[in-house]
Amino acid sequence: MAFGWIDEQAAARREAGLVRTLRPRPADSPLLDLASNDYLGLARHPEVVAGAAAAARTWGGGATGSRLVTGTTELHTELERELADFCGFEAALVFSSGYAANLAAVTALAPHGSLIVSDAGNHASLIDGCRLARGTTQVVAHADPDAVRKALGTHEGPAVAVSDTVFSVDGDAAPLAGLAEVCREHGAGLVVDDAHGLGVLGAGGRGAPQAAGLAGAGDVVVTVTLSKSLGSQGGAVLGPARVVEHLVNAARTFIFDTGLAPASAGAALAALRLLGREPERAARAREVATGLHARLTAAGLEAVRPDAAVVSVRAPSPEAALQWAADCRAAGLFVGCFRPPSVPDGISRLRLTARADLSEEQIERAVQVIGGTRP
């Protein structure tokens, strides 16, 4: 029977407690949200919503084509200029998603004969970029510059190291300065995904590369999402102008994909300008994260110390994690639930978002619910 193997895989997922389901949320959910990636609480901010609405009224509901045909509006180029300036890079290129931006950066910067050194904890989009690239990929130990140095030492020719800046599972930060030093020893480029750093780390939320002193470096390329701290949709690649020009001509997810919808570009631009006026939002997100971690560990839970706005709480099994998240939901708290294959170490956990707009009362309520429903 066609696709008969799907039933076998579905049965295996059920047996392992790894079935995933969609749960549509209402427009006005009564749940306290610690599951989304809305780190700065901007997705529903009036200025951000107004930016999206104004862009849709001006440019229409969609980009109408690829960026190289009709999908580039004046709004896209305005967003690219301001995003590059905010993060301290020479140029930026906006994509329809952060996933597409990562695929573009890795595949276009790792041609045939090159070496890609990839952190074992990297996000799936970086992993898929490595799989699609023409170069050879070597996966190395998590957050280990010496492992990167050893891998680069085995190769002659073009090379690039690829890493998240903040890893999405446990919220730990990569040793960016150390990685950059190793790459420069070997003449390699450094590509980092700052999806969870932009808006949270760096001066006023300018990102982990800026905090590490790497903003604007000629050998560093950064990818970001517009869908987390900026509360919108889409992604971008930041770096030297010649790298961005190369992506325009060589990145398949740029050339053959429809451009980012104007409404998303308008929302992201409004959020970026708001963050520029209110830089304290970044510090507040970090403050909430450290506060959550302190209270959870004081309650006897195994929580990973956060480097940005992600707080991870270990669960004993995939089934226990799923039930724990469901019990939290029943108690009025929405938390993320990460299970294999989303977690590279096979350890299931609850994943909490430390949003800048959470009150002390909401933080305490979340800790009480998580502690009270523990497996």
Below 4.5 Å, heavy atoms only, C-beta onward: do [X] and [Y] meet side chain to side chain?
| X | Y | answer |
| --- | --- | --- |
| Met1 | Asp7 | yes |
| Asp193 | Val162 | no |
| Phe254 | Val248 | yes |
| Val288 | Asp357 | no |
| Ser348 | Pro340 | yes |
| Val243 | Pro240 | yes |
| Thr154 | Leu152 | no |
| Asp164 | Leu126 | yes |

Problem set entry | Hydrophobic cluster (4.5 angstrom, side-chain heavy atoms) - remaining members for Leu103 | Tyr99, Leu132

Problem set entry | Fellow cluster residues of Leu31, listed by chain then number, with links counted only when side-chain atoms sit under 4.5 Å apart | Phe334

By salt bridge (Lys or Arg N to Asp or Glu O under 4.0 Å) - contacts of [X] (at least two apart):
| X | value |
| --- | --- |
| Glu319 | none |
| Arg273 | Glu78, Glu82 |
| Asp85 | none |
| Arg365 | none |

Exercise. Is Arg284 salt-bridged to Glu287, going by a charged N under 4.0 Å from an acidic O?
Worked result: yes

Examine distances only and state if a side-chain atom of [X] and a backbone atom of [Y] form a donor-acceptor pair shorter than 3.5 Å.
| X | Y | result |
| --- | --- | --- |
| Ser29 | Pro26 | no |
| Thr297 | Ala294 | yes |
| His186 | Gly189 | no |
| Trp324 | Ile370 | yes |
| Asp194 | Thr165 | no |
| Arg20 | Leu18 | yes |
| Thr72 | Arg67 | yes |
| Gln210 | Ala215 | no |
| Ser229 | Leu198 | yes |

For the residue pair [X] and [Y], confirm or rule out a side-chain donor-acceptor distance under 3.5 Å.
| X | Y | result |
| --- | --- | --- |
| Ser36 | Asp33 | yes |
| Ser312 | Asp170 | yes |
| Arg351 | Asn37 | yes |
| His76 | Thr73 | yes |
| Asn249 | Glu245 | no |

Table please: side-chain donor-acceptor pairs of residues 275-283 below 3.5 Å, with sequence neighbours left out.
unit_1, atom_1, unit_2, atom_2, d
Arg277, NH2, Glu47, OE1, 2.8
Arg277, NH2, Glu47, OE2, 2.9
Glu278, OE1, Arg281, NE, 2.7
Glu278, OE1, Arg281, NH2, 3.1
Arg281, NH1, Leu40, O, 3.0

Mind checking whether [X] and [Y] sit in one hydrophobic cluster, side chains of I, L, V, M, F, W, Y counted as touching below 4.5 Å?
| X | Y | answer |
| --- | --- | --- |
| Leu109 | Leu190 | no |
| Leu179 | Val140 | yes |
| Val192 | Leu115 | yes |
| Leu83 | Val237 | no |
| Ile347 | Val304 | no |

Atom [atom1] of [X] and atom [atom2] of [Y]: how far apart are they, to the nearest 0.5 Å?
| X | Y | atom1 | atom2 | result |
| --- | --- | --- | --- | --- |
| Asn122 | Asp128 | CG | CG | 11.5 Å |
| Leu292 | Leu358 | CG | CG | 7.0 Å |
| Leu269 | Leu230 | CG | CG | 9.5 Å |
| Asp327 | Leu322 | CG | CG | 10.0 Å |
| Arg349 | Leu352 | CZ | CG | 12.0 Å |
| Cys337 | Leu350 | SG | CG | 6.5 Å |

Do you know which two heavy atoms are closest between [X] and [Y], and how far apart they sit?
| X | Y | result |
| --- | --- | --- |
| Leu75 | Ala265 | CD2-CB, 4.0 Å |
| Ala177 | Ala212 | N-CB, 4.5 Å |
| Gly231 | Asp38 | CA-OD1, 4.3 Å |
| Leu176 | Pro209 | CD1-N, 3.9 Å |
| Pro262 | Ala55 | O-CB, 3.2 Å |

For this session: Would you please name every residue forming a side-chain hydrogen bond (donor to acceptor under 3.5 Å, both in side chains) with Arg295, sequence neighbours left out?
Result: Glu360, Glu364

Seminar exercise, completed: side-chain hydrogen bond (donor to acceptor under 3.5 Å, both in side chains) pairs touching residues 132-142, sequence neighbours excluded, are Asp119-His142, His142-Asp172

For this session: Quick one: which residue pairs count as a side-chain hydrogen bond (donor to acceptor under 3.5 Å, both in side chains) with a foot in residues 250-266, not counting sequence neighbours?
Result: Ser96-Asp257

For this session: Take Asn102 and Ser125 through the test side-chain hydrogen bond (donor to acceptor under 3.5 Å, both in side chains) and record every step on the way to the result.
Result: CA-CA 6 Å; Asn102 273 346; Ser125 54; 2.8 Å; yes

Exercise. Out of Leu32, Val369, Leu34, which residue meets the side-chain contact (heavy atoms from CB on, under 4.5 Å) rule with Cys328?
Worked result: Val369

Problem set entry | Pairwise salt bridge (Lys or Arg N to Asp or Glu O under 4.0 Å) hits with a residue in residues 135-161, at least two apart | Asp146-Arg149, Arg149-Glu185

For this session: Provide the full list of salt bridge (Lys or Arg N to Asp or Glu O under 4.0 Å) pairs with a residue in residues 202-220, sequence neighbours left out, each pair given once.
Result: Arg184-Asp219

Problem set entry | For Tyr39, the option from Lys228, Arg286, Arg355, His196 that meets side chain to side chain donor-acceptor pair (under 3.5 Å) | His196

